[in-house]
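Accompanying notes for the structure given below.
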Amino acid sequence: MVGTNDLRSYYQKFLPSEQIYSWLSYGDPVYFTKREFAFTRDEFFSRYQSFKNGSELKERLTRNERDIPERFEIGCVYSVPPSQQHSVSPGVFVPISKEFVLDIDISDYNDIRMCGCKESNYCRVCWKLMLCGVEVSDYILTSIFGFKNRLWVFSGGRGIHCWVGDESVRSLTNEGRSAVAEFMHLYQSSKDNNSGRQGKVDTNNLSHPSFSTDSKIFQICQKYFVDVFIDGMDILRDSDKYEKLLSFITDSTLKKQVHNLIDGLDEDDDASETWSEIVKVLNVRKNNTFVQAIVLSFVYPRLDLNVSKGLNHLLKSPFCIHPRTGYVCVPLDPKKDVPKGDSQGFYPEDQCPKVGELVNNNQEATKMMESRVEIFKKFVLDLKKQKSQEKLEESDSMLQF
Amino acid sequence: MLALGVESRSRGGLFGPRLKSENKAKNAPASDQSWKCMYKSAPTGEVTIDDFEIFAKNRANLLHKIENWRAIGIIGEELSNKIRFEDEREYGGYHELIQSNKDCIAHNVLRLAYSKTEELRRFFVAQECALFEARLKVNPSDYDEIIKSNSIDVEQVSANEKQKYSAELSIMYRQLQMYNKELKIEMFDNARVWKTRFTNCLNLVSKRRVFVVDGYAYLFKTHLLNVISQQFRIVLAGRVNAALRFWPYLKESEGERVVPFLGAVTNYEVKYSEVDIKGGTVKPEMINTLSEQSFPLCMKVLHKSLRDKHHLKHQGRMQFGLFLKAIGLSLDDALRFWKDEFTKNQTSEHFEKNYAYNIRHSYGKEGKRTNYSAYGCTKIITGLAQPTSDDHHGCPFKNFNESSLKMEMRSKEFGDESIREVIELVQRKHYQIACRKYFDLTHPDFQEVSKETSRDEGMPFNHPNTYYQKSRQYHDNNKKETNVTK
């Protein structure tokens, strides 16, 4: 558990509250005042708080030593500042806009984490599933939907969040948010579980060209599949583990052929070569989706759909402290923090400062924090650039007439 | 006569002043008032009060039919065909419809009437959209024109751009062909391609029916239908909300004639229109048997509660009393029937003093002598006060909790599957369809036995007395059959 004193000095010395203000005001101070914040302390949850600026927010976090929030969440922008909602007539206080958000948790991958990790635990191997989530989702957000301003954040616990702040995205309706989330969601949805996190992709969803075996998304996924499962968890050398893989091959002849390939795998053979051969065998049969179903079911991001769909869903703020782990919820760079070449990508233990280290002036942690704040500043700066560029384009197009 | 929209800025006219004078060449195709222009401008000119009311009632009737079809799961082509059949009956064929003042007036009147509550607005938008879509499907060659006249942001892509994504687009096209027969004749190379912001075709995006790049969805001809109908839905939702603000003005200028009608038309329900059953055909002694065989569940509940407690509160007495009157219980018999029950707990003086007047009143023999008609399902479901624990009026499919409803159905020995089906309908708030399902389960082979000429596909009856009459028809035929075989 994180102590109150540590939290208080963290909020005072390290929380980039001015940057948070700069982000959430999007160049409009009034916009910031209509944003909902929610605070949690000792099971007490207070919603619908709002502030004039970053220092007011910081003040709320630090002013009363008996009421230092353990964490705070960001909600949506309302028509009226949430703290004044009771002074307006009912029906006037309505949600207006919010970033489009994504939430991916490692605990939703339990059925395929054959490294032995469960629930909120993770290791260097299975953690890469989160980075795959970043890489694939970031590709979809940018290349497919054309979104520009994304802030990826480690949640401090068992997953990652993404905030998309483009102006057109913030004004998406609930239907618009649902459509993007549904487009991204390839898994079978069960009736009882509306968030639909199940271990198998729905093969009906695989015919879309953005997910075909030629697609960029599939290529990213296959890279992670080999890295995490074939090499990392070594699933082809353990019958309990490859059983899961075989269960996707519903054709008994093909299944037998694949089984034979796996049986022929020797101690010093390269398992990834065997995987290439499996792919070849499966692709002999025309129009089958076995390879896609295996690769995507193992690594394709498992989104918590409900978080993305609702305009007024709360999500933990970047730079919060995770109460259980003490990690700062730090931003990630979707290009530099994913595995590339020799780099294994972002791993909390290596790259994420903890609140205790920071308040005790641990140099390494302070450096980490600084570099993470830099990512955040760049995101905020990009927002500003984007805005002025759009203004420029607007005035250009005005001039043309 | 009733003035509709007027040209000047002066006040007056049902749909208010129009700020801009629109081009309204007579009978020009697709004027701004037409469905193709999404009823951009309000109808002008005058209309007789009679026409005004008939147009609106018929439209409301059509919208209710659409809702019922959708509720029993009719979708796609089948739904469109059904809608078109009724549409043509009301407004004529394709060309007549475009020039139809009737369509425009009916739409505008109901838009106003249905603007009053969130529930009514949702109903109106959903059914009007289904109607609009069914009309769109008739003539895809109109799409270009409709897109242009409604300034929908869709553009055709160049040959170069099509070429750039030809690998992906040809896959999408092949998939489309599998579902869409007309496209089979056209080759991908000849197919035109459009693009629009993905936010203009959310349905297609969420179902992954389109290829999306950099925020733009690439569309083939048939997809334009989705884009156009999404636009219609948004425009309509905005206009219905705007119509709400028109009410105060309307109350001032049309408070006496139009406002009461607009209130009534949304409560419009299928009146029990079958031939009136002559009073005296049902005797108090027959009610127990008839209740068991032919009363809908709401009436059974009231009957049972009357027999158990020898009392019913006012709303229950009205709902049940008027039902009994409509199945043919004469006034004298009604007085005898109610008195028999009530006097098991109270003196006959008390009954005469407190209840007899009410009963005579409901038969039109007292007071203003209105001959009240029996309540329909809409009134029973939404028009009565929410029942408290000692009330028994209303619709049991709505008011009962799940376990009581299950218990009731188990006592009728319905199978688990059937019970689950009814409960699911109730959960989706389809109370009337649940009731119809209950009817089908208690009247096996209804269609065959009753010799119904046209299959009614499990459509709800909309009136407890229709339920009753269909049941009697069934039992009478059943009896005849048995007699013949004997």
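Numbers restart at 1 for each chain; the letters A, B, ... are given by sequence-line order, proteins then strands. Nothing here was measured: the structure is a model prediction, and the numbers come from that model.
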Exercise. Which distance, rounded to the nearest 0.5 Å, do you find between the OG of A/Ser215 and the CD of B/Glu168?
Worked result: 9.5 Å
Exercise. Considering only heavy atoms, which portion of A/Leu141 lies under 4.5 Å from any heavy atom of chain B: side chain, backbone, both, or neither?
Worked result: neither
Exercise. Say you draw a straight line from CZ of B/Arg197 to CZ of A/Phe145; how long is it, rounded to the nearest 0.5 Å?
Worked result: 10.5 Å
Exercise. Residue by residue, which of residues 149-166 of chain B have a heavy atom closer than 4.5 Å to a heavy atom belonging to chain A?
Worked result: none
Problem set entry | Which portion of A/Asp214 sits near chain B, non-hydrogen atoms under 4.5 angstrom | neither
Problem set entry | Enclosure of B/Asn190 CG (heavy-atom neighbours >12, cutoff 6.0 Å) | yes
For this session: Work out which heavy atom in A/Ile144 is nearest to a heavy atom in B/Val212; give both atom names and the distance.
Result: O-CG1, 3.3 Å
For this session: List the steps, then state whether side chain to side chain contact (heavy atoms under 4.5 Å, CB included) holds for A/His208 with B/Phe211.
Result: CA-CA 8 Å; A/His208 192 279; B/Phe211 179 62; 4.1 Å; yes
Problem set entry | Atom pair OG (B/Ser206) and CZ (A/Arg177), whose distance is rounded to the nearest 0.5 Å | 15.5 Å
For this session: Using a 4.5 Å cut-off on heavy atoms from C-beta on, say whether the side chain of A/Leu172 contacts that of B/Thr199.
Result: yes
For this session: List the atom of A/Ala179, the atom of B/Val205, and the distance in Å for their closest heavy-atom pair.
Result: O-CG1, 4.0 Å
Problem set entry | Distance, nearest 0.5 Å, that separates CG of B/Asp214 from CZ of A/Phe147 | 10.5 Å
Problem set entry | Heavy-atom contact with chain A under 4.5 Å, split by part of B/Ile171 | side chain
Exercise. Hey, is CD on B/Glu133 packed in by over 12 heavy atoms from elsewhere, all under 6.0 Å?
Worked result: yes
Exercise. For A/Ser212, is it the side chain, the backbone, both, or neither that has a heavy atom closer than 4.5 Å to a heavy atom of chain B?
Worked result: neither
For this session: Against chain B, work out which of A/Thr173, A/Asn205, A/Val180 has the most heavy-atom pairs shorter than 4.5 Å and name it.
Result: A/Asn205
Problem set entry | Considering all heavy atoms, the nearest B/Gln175-A/Ser207 contact | NE2-O, 2.7 Å
For this session: Tell me, with the steps shown, if A/Glu182 and B/Arg208 meet side chain to side chain contact (heavy atoms under 4.5 Å, CB included).
Result: CA-CA 8 Å; A/Glu182 292 289 350; B/Arg208 257 177 258 102; 5.8 Å; no
